[in-house]
A.B. asks: 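Right, I'll just put the structure down here and ask away after.
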2 protein chains.
Amino acid sequence: MQDTHLHHEEHLQSSDLLTDIVIGMSDGLTVPFALAAGLSGAVDSTAVIILAGIAEIAAGSIAMGLGGFLAGKTEQDHYNSELKREYWEVDHLPEKEREEVREFFESLGLSREVQDKATDELVKDKDRWVEFMMKHELGLDKPDPKRARKSAFNIGLSYVVGGLVPLSPYFFVNDSVEALKISVVITLICLFIFGFFKSKITGVNQWTGGLKVMMIGAAAAGAAFGIAKLIEGM
Amino acid sequence: MQDTHLHHEEHLQSSDLLTDIVIGMSDGLTVPFALAAGLSGAVDSTAVIILAGIAEIAAGSIAMGLGGFLAGKTEQDHYNSELKREYWEVDHLPEKEREEVREFFESLGLSREVQDKATDELVKDKDRWVEFMMKHELGLDKPDPKRARKSAFNIGLSYVVGGLVPLSPYFFVNDSVEALKISVVITLICLFIFGFFKSKITGVNQWTGGLKVMMIGAAAAGAAFGIAKLIEGM
């Protein structure tokens, strides 16, 4: 019992940070990788590829980081506006809100007698009543106010770290096709490792999970390479 | 009453598709925009910018689309593995699971008498009991099996549509700085409109929401432009 609860709480706590890293790093590894691959198919100069890659990493990390920040803020605003509305409804339409509480217990398959008793007890405390409506009618949990800022930072940083992996060979190798070969090898390995650990958290098979993430990266890079070759040939 | 329920159901149904469009389009508008802006600060040839932009759109839409698909599949696998586990627990540790149901009712502030009665009634139907544990202990809703595929398509397509907006001026204007000026104007307008409608759904102030999304795009593009200029100057 204690064990299960601990297990679930850990699961929830770690999932916030991990969700951020997963969001940031999966895109960070994949998109700059595919961009560099695409350009390597059409451009000889590694300088242009490095320039485009770093511009992309800057753009992507800011867009995703700020995007994560905005999403967190929006979640908070949304929660607060719904909270205000629920307090208003409990004050002004108590019968309607009471009926919604009863319907929740009805949906659990309880008898009418227990539905009514539970509803009577629950609506005694207004704060608890509103909290119940927020959670079980609207499915909203109270967001952590510090979360939006942390989330922005985590996502942005993960994107930068991920993005520098596929780009790194272009700093050291002058021939873009040679650099691409090294980039493909190290990025696919990193994508596999990343997918492997990601699957550990979500509880699905780790080898399949690693392979899937690797294949997404390979598909994106292959498509970008092919399309860039096509455009260059036109 | 009826009205409120309809409102919430609509809210939930629309939010899946809208979440996908928001995910795909906010990145699609922002990242190719910022990449093109960054390259415009360092490269004269619009051909290279178009090439990089299209490679990025291909890479980004595939990465995000397949990423969405994988996320949906993972959610399903996770749900199924937890469902199996809950059935096992209900069969093998019924007392422990019963106690968890009672604790849920306790957390609502019900009296011990009503807690016990409600628990007795709820655990009569095993499927309902497991469904209850999935939803209220683990916070997991049954995922829609078609959702992963739809989600992949929606996110990928939204990314392409979003990404073509900032890139379009480079097809018609030969000077990269002139093309950038037009790209900035149309993309910022689109980001504002996009943020405005996005805020309508989440219920926060639409003008603020539009401005925020626009500013993220501007910040990403400005940073990419500045960094590319710096690298080019080295």
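To find a chain, count down the sequence lines: A is the first, B the second, and so on, and within it residues start at 1. Computation of the quantities below employed the complete heavy-atom set of this structure, encompassing side-chain atoms and omitting hydrogens, waters and symmetry-equivalent molecules. Fair warning: this is a prediction, and the values are worked out from it, not measured in the lab.
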A.B. asks: In plain terms, say whether Lys124(B) and Asp120(B) are close enough for a salt bridge, that is, a side-chain N and a carboxylate O under 4.0 Å apart.
C.D. replies: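 No.
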A.B. asks: Who wins among Asp125(B), Asn80(B), Ile231(B) for the most heavy-atom pairs under 4.5 Å with chain A?
C.D. replies: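 The answer is Ile231(B).
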A.B. asks: Does Leu140(B) have any side chain to side chain contact (heavy atoms under 4.5 Å, CB included) partners at least two apart in sequence or in another chain, and if so, which?
C.D. replies: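 Side chain to side chain contact (heavy atoms under 4.5 Å, CB included) list for Leu140(B), sorted by chain: His78(B), Tyr79(B), Glu82(B), Met134(B), Leu138(B).
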A.B. asks: In terms of heavy-atom pairs under 4.5 Å, which option from Ala34(B), Ala42(B), Ala228(B), Ser111(B) contacts chain A the most?
C.D. replies: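 Ranked by contacts with chain A, first place is Ser111(B).
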A.B. asks: Quick one: of Leu122(A), Leu110(A), Leu93(A), who has the most non-hydrogen atom pairs under 4.5 Å with chain B?
C.D. replies: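 If we count pairs closer than 4.5 Å to chain B, Leu110(A) comes out on top.
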A.B. asks: Is Thr187(B) reaching over with its side chain to a backbone N or O of Leu29(B), donor-acceptor style, under 3.5 angstrom?
C.D. replies: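 Not a single qualifying donor-acceptor pair exists.
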A.B. asks: Sort Ile227(B) into side chain, backbone, both or neither according to what part of it lies under 4.5 angstrom from a heavy atom of chain A.
C.D. replies: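 Answer is side chain: those atoms of Ile227(B) sit under 4.5 Å from chain A.
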A.B. asks: Would you mind checking which part of Phe105(A) comes under 4.5 Å of any heavy atom in chain B, side chain (CB onward), backbone (N, CA, C, O), both or neither?
C.D. replies: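 Just its side chain gets close to chain B.
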A.B. asks: Heavy-atom distance under 4.5 Å to chain B: side chain of Gln115(A), backbone, both or neither?
C.D. replies: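 No part of it gets close to chain B.
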A.B. asks: Looking at Phe132(A), is its backbone amide N or carbonyl O close enough to the side chain of His136(A) to form a donor-acceptor pair, meaning the two atoms are under 3.5 Å apart?
C.D. replies: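 No: the side chain of His136(A) does not pair with the backbone of Phe132(A).
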A.B. asks: Under 4.0 Å between a side-chain nitrogen and a carboxylate oxygen: does that hold for Glu113(B) and Lys117(A)?
C.D. replies: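 So Glu113(B) pairs with Lys117(A) through a salt bridge.
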A.B. asks: Does any heavy atom of chain B fall under 4.5 Å from the side chain of Ser107(A), the backbone, both, or neither of them?
C.D. replies: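 Backbone only.
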A.B. asks: Measure Glu131(B) against the heavy atoms of chain A and call it side chain, backbone, both or neither at under 4.5 Å.
C.D. replies: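 Glu131(B) has no heavy atom closer than 4.5 Å to chain A.
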A.B. asks: With sequence neighbours excluded, what pairs up with Ser26(A) under the side chain to side chain contact (heavy atoms under 4.5 Å, CB included) test?
C.D. replies: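 With neighbours one apart ignored, the set is Phe194(A).
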A.B. asks: Quick one: which of Gly38(B), Ala223(B), Ala118(B), Gly217(B) has the most heavy-atom pairs under 4.5 Å with chain A, could you say?
C.D. replies: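 So the answer, after comparing Gly38(B), Ala223(B), Ala118(B), Gly217(B), is Ala118(B).
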A.B. asks: If we define contacts as heavy-atom pairs under 4.5 Å, which of Ala37(B), Gly41(B), Ala59(B) has the most with chain A?
C.D. replies: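 Among Ala37(B), Gly41(B), Ala59(B), the one with the most close pairs to chain A is Ala59(B).
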A.B. asks: Name the member of Phe69(B), Phe33(B), Phe104(B) that forms the most heavy-atom pairs with chain A at distances under 4.5 Å.
C.D. replies: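 Heavy-atom pairs under 4.5 Å are most numerous for Phe104(B).
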A.B. asks: Do the side chain of Gln206(B) and the main chain of Phe196(B) share a donor and acceptor less than 3.5 angstrom apart?
C.D. replies: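 Yes; at least one donor-acceptor contact below 3.5 Å.
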A.B. asks: Would the distance check show the side chain of Thr46(B) and the main-chain N or O of Ile49(B) forming a donor-acceptor pair, the cut-off being under 3.5 Å?
C.D. replies: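 Looks like no, no N/O pair under 3.5 Å.
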A.B. asks: Just by distance, do the side chain of Ser183(B) and the backbone of Pro166(B) share a donor-acceptor pair under 3.5 Å?
C.D. replies: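 Between the backbone of Pro166(B) and the side chain of Ser183(B) there is a qualifying donor-acceptor contact (under 3.5 Å).
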A.B. asks: For chain A, which of Gly209(B), Gly139(B), Ala52(B), Ala58(B) has the most heavy-atom pairs under 4.5 Å?
C.D. replies: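 Of Gly209(B), Gly139(B), Ala52(B), Ala58(B), Ala52(B) has the most heavy-atom pairs under 4.5 Å with chain A.
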A.B. asks: Determine the option with the most heavy-atom pairs under 4.5 angstrom with chain B, choosing from Ala55(A), Ala47(A), Pro32(A).
C.D. replies: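 Highest number of pairs under 4.5 Å: Ala55(A).
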